[in-house]
4 protein chains.
Amino acid sequence: MPKLGMEAVRRRQLIEATIDTIHEVGFAASSLQAIARRAGVSPGLVAHYFDDKNGLLEATLRALFDDLTRDTVARLRAARTPRARVDAVIEANLSPRQFDPRLAKVWLAFWAQAMHVPSLARIQRIYQRRMLDNLSHALRGLLPAHRARELAHGVSGLIDGLWLRATLGGGQPDSAAARRLLRDYLDAHLERETADA
Amino acid sequence: MPKLGMEAVRRRQLIEATIDTIHEVGFAASSLQAIARRAGVSPGLVAHYFDDKNGLLEATLRALFDDLTRDTVARLRAARTPRARVDAVIEANLSPRQFDPRLAKVWLAFWAQAMHVPSLARIQRIYQRRMLDNLSHALRGLLPAHRARELAHGVSGLIDGLWLRATLGGGQPDSAAARRLLRDYLDAHLERETADA
Amino acid sequence: MPKLGMEAVRRRQLIEATIDTIHEVGFAASSLQAIARRAGVSPGLVAHYFDDKNGLLEATLRALFDDLTRDTVARLRAARTPRARVDAVIEANLSPRQFDPRLAKVWLAFWAQAMHVPSLARIQRIYQRRMLDNLSHALRGLLPAHRARELAHGVSGLIDGLWLRATLGGGQPDSAAARRLLRDYLDAHLERETADA
Amino acid sequence: MPKLGMEAVRRRQLIEATIDTIHEVGFAASSLQAIARRAGVSPGLVAHYFDDKNGLLEATLRALFDDLTRDTVARLRAARTPRARVDAVIEANLSPRQFDPRLAKVWLAFWAQAMHVPSLARIQRIYQRRMLDNLSHALRGLLPAHRARELAHGVSGLIDGLWLRATLGGGQPDSAAARRLLRDYLDAHLERETADA
DNA sequence: TATGAATGAGGATTCATTCAT
DNA sequence: AATGAATGAATCCTCATTCAT
C-alpha cells in the first residue's frame, strides 16, 4: 500500500477528518482515534505526519486560516477603490462559506482553545491583526489616519460579532444580512465624516 | 454537625473553583479532580451537589449569566428614556467586569462548548435572545419597528464582536473604547434615521 | 469496599506484586497493568498510592533496601568485636534471603535501571556507600586506616561479585559457599597484615 | 547500486548504534526507531539484517563478548607461566576498556535482561563458565585441583564485583585499583597455600 | 539494498463516577 | 455532609513489525 508522495494526500485527509470530527462532536470529544477512524487510517499514522495531536490541530487551524487568507487576497487584488477594498475584506470574512456551520463551529472551537495553547494563539493573533491592518489601510484612503484606525476597529468588531452570533445562534443573521448590516454601518459613518468636513 | 446554609456555600465554592480552573488551564483540561482540589473538597462531593460534571458546568454558566442579568436589569430599571435604555444594555454587556479575563475566557469557553451540549446551548440562546429583545424594545421608542429590529442586530453584533476581539486579543479595545465605539455607532445611525424622516 | 486505613495494606500489596512481576517477566515487560492484575486491583489505583509507575518502582527498591538495612543493623548490633562486625555485614548481604531468585533478580534489574533513573540511582549510591562505610569502620578496629579502606573495597567487591554470579548463573556459588569464600578472603588478608607487623 | 561488503558495514553500524543508544537512554527506552535514527538508516532495515529486535540485541551482546574473548585469548597466548595466565584473565576482564562507561553500562543492561531472554542467557552462561574455566585451569598449575577451583570462584567473583561497583558507582575503584586489589588477593592466598604445604 | 508508509497492539496515565464509611 | 478508596474506560502516544516500491 505505501505509495510515494502520499504525504500531501494523507495530510489533507487527516485535516478534513479533524474538521468533520470537531464539527460533529466538539473539540473536547475529538479524540485522535475518532479522527483517524473517520479518515480511514490507523491512529498511529497521525504521529507519522503531524508528530502529535497538537501538531494536527495546529495544521488544521492553519489550513482554515490559509483558505480565508487566499480568498481575502484574491478579493483585495480585484478591488480598485478604497471603499472596494474595505468591502473586499468584509465580503471575504462574511462570505457564505464562513457561515457554513461545518467551518464556523470549528473556527470558534479553535478560538476558545487558542487562549490556552500557544501554537494556536499565534495563528489567532495573526488573523486578528491582519483583518485590522487590511481595514485600516483601506480606510486611510477615505479618512484621516486616527479615524481610519477607529473605524477599522468598529468594522472588524462588527464582522466578528455578527459571525459569532450567527454561528452560535443557528443562522441569524445569515451571510447576506450580515453584509447588509456592515454596508449600513460603513455608509452611516462615512456620510457623517464627510458631513463634518 | 452539618452547618446551616452549607449548601449555598459549597455550591458557590465549587462554581468559583470551576471558573478559576477554566480560566487557568482551559475547558478541555478542567477535570473534576482539578476543580475539587482547588475548591479544597473531595471530588466525590461534586456528585452530591451537582449530580455530575455537566451539572456543575451548567450551574457555572448559569451563575455567570445570572450575574450579567442582574446587572442589566438594575441598569434598565434606572433608565428613563429609550436611549438611556439602549445605553443600559450596552453598559452592562461591555462593563469592565465583562472584560476581566477571568470571566471573559470562561464565557468564551462555554460558548464554544454550547454548540455540543444542549443544556449549555439553552442558556446561550436565552442570552442571545434577551439582549436582542432588550435592544429592540428600547429602540422601538426611537425608530420604526423593522428598523429597530435591524439596528438591534447591529448593536448586539458589535457588542459581542468587540468583546470577542478584546477577549481573544489581550485587551484591545478595552471596556471604555468599546463603549465609545458603540455610542458612535448609535449616534451615526440615529442621526441618519432622523435626517431621513 | 473502601475501608479506612487501606493505605499500608495496598502499598505493601502493590510492592509485592511489583517484585513478583519483575521476577517473572523482567523489568522491561513489567507493565502497570500486569502488576495491578497480579495485585488484584485496577491499574488506576497505582496513581492513587504512588503517583505514577516510577513512584511504585522507587518504593519497591526502597522496600528491598530497607529490608536489607534492617537485617544489617540487627546483626551489627549483636556483634561484639571488630571481626564480628565485618562478619555481620557479610552475613547480611550474603544471607540465603539475598540469594533467593525472587529478590535477587529484582535487585539486579534495579541496578541496571538505576543508571538511567535518578530516583533509583540515589538509593543505589546509598547502598553502595553504606556497605563500604560499615566495612571500613569495622576493619579500622583491626588495621591501619588506609589498609582498612582498601580491604573494605575488596570485601564489598567480593560480596557483590559472588552475589552477581550466583544470581546470573543459577545458584553457583550459593549463600554458604559465598560466605565461606569471604571468610577465607578475610583470613588470608588479616593473617598477612599481622605477619607484616 | 549495491556496494560489495555492505552487509558487514551495516551490521557494524547498527550494533554500534545499539550500544550508543543503550548507553544513553537505557535498555528499556532503546527502541528500534531510536537505534535506526542514530545509525542513519530506516527502521525497516533492521529486519533485513537481524530479523527482529531480539536478533539485533543478541548480535550486539555477542559482539561485546567476542571482543572480550579476543582480548583474553591474545593475552593468554602471550603468558608463559601459570601465574601469568591467571593475570592475563584478570587484565583482560579489568582492562580500562571494560571500565569505559559506554561499554560497561551496556554489559550490565544485558546481564539484567539475560535472566529473561534465553538467547542472551546462553551467551551470558558461556561468559561466566569460560572465565571460571580459564582461571581454574591456570591455577591448577599452582594448587591442588579442588583449591584451584575454589580460588577461581573467588577470583572471578572479585573481578565481577569490582567491575560492577565501578560501573554502578561512577568510577570507584577504577581499572588500575581493581587490578591491584586482585593481585593482592592472589598473593595473599597463594602465599598462604604455600605456607600450608 | 533500502526506504518510508502503515498498522494495531500495548504502554502509562487521567478521568468521571460510584460507594462504603 | 463529606470523604477517600476504587474502578474501568478512554486518553495520547510509542512501539515492533510488515510490505510495496
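A note on names: the letters A, B, ... follow the listed sequences, proteins ahead of strands, and every chain is numbered from 1. None of these values were measured; they are calculated from a predicted model.
- Between F:dA5, F:dT3, E:dA2, one nucleotide has an atom nearer to the side chain of B:S42 than all others, and that is F:dT3.
- Residue-level contact check: C:V41 touches the backbone only, with heavy atoms under 4.0 Å from sugar-phosphate atoms and none from bases.
- Mapping B:Q33 and D:R37 onto DNA chain F via the closest heavy atom, the residue that lands nearer the 5' end is B:Q33.
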(request) Could you go through the side-chain contact (heavy atoms from CB on, under 4.5 Å) check for A:I126 and A:F65 one step at a time? (result) CA-CA 9 Å; A:I126 295 173; A:F65 180 52; 3.7 Å; yes

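- Rounded to whole Å, atom P of E:dG11 lies 15 Å from atom CG of C:L56.
- Atom CZ in D:F50 sits about 13 Å away from atom P in E:dT1, given to the nearest Å.
- Comparing B:A29 and D:G44, the nucleotide of DNA chain E nearest to each residue sits closer to the 5' end for D:G44.
- Contact check, C:S31 against E:dG11: a side-chain N or O comes under 4.0 Å of OP1 or OP2.
- A straight line from CD of D:E7 to P of E:dA2 spans 10 Å, rounded to a whole angstrom.
- Atom pair A:R11:CZ and E:dA5:P shows a separation of 11 Å (rounding to whole Å applied).
- Pair assignment for E:dA20 gives F:dT3, based on Watson-Crick or G-U wobble hydrogen-bonding distances that are each under 3.5 Å.
- Heavy-atom distances to DNA chain E give each of D:L45 and B:L32 a nearest nucleotide, and the one nearer the 5′ end belongs to D:L45.
- In this structure, the side chains of D:R102 and D:V106 stay at 4.5 Å or more apart for every pair of heavy atoms.
- Atom-to-atom, CG of B:L14 to C1' of F:dA2 comes out at 12 Å; the value is rounded to the nearest Å.
- Residue D:H48 places at least one side-chain N or O under 4.0 Å from the OP1 or OP2 atom of E:dT1.
- Taking every side-chain heavy atom of C:P43 into account, E:dT13 is the closest of E:dT13, E:dA6, F:dC13.
- Candidate nucleotides F:dC13, E:dA2, F:dA16 were compared by shortest atom distance to the side chain of D:K53, and F:dA16 ranks first.
- In terms of phosphate contacts, A:R10 brings no side-chain nitrogen or oxygen within less than 4.0 Å of OP1 or OP2 of E:dA5.
- When the options C:E24, C:E16, C:Q13 are evaluated for a side chain to side chain donor-acceptor pair (under 3.5 Å) with C:R38, the one that passes is C:E24.
- Looking at heavy-atom distances under 4.0 Å, D:Y49 makes contact with sugar-phosphate atoms alone, never a base.
- Relative ring orientation between D:Y127 and D:W107 is described as tilted, the plane-to-plane angle lying within the 30° to 60° band.
- Atom C1' of nucleotide F:dT14 and atom CD1 of D:I35 are separated by 14 Å, given to the nearest angstrom.
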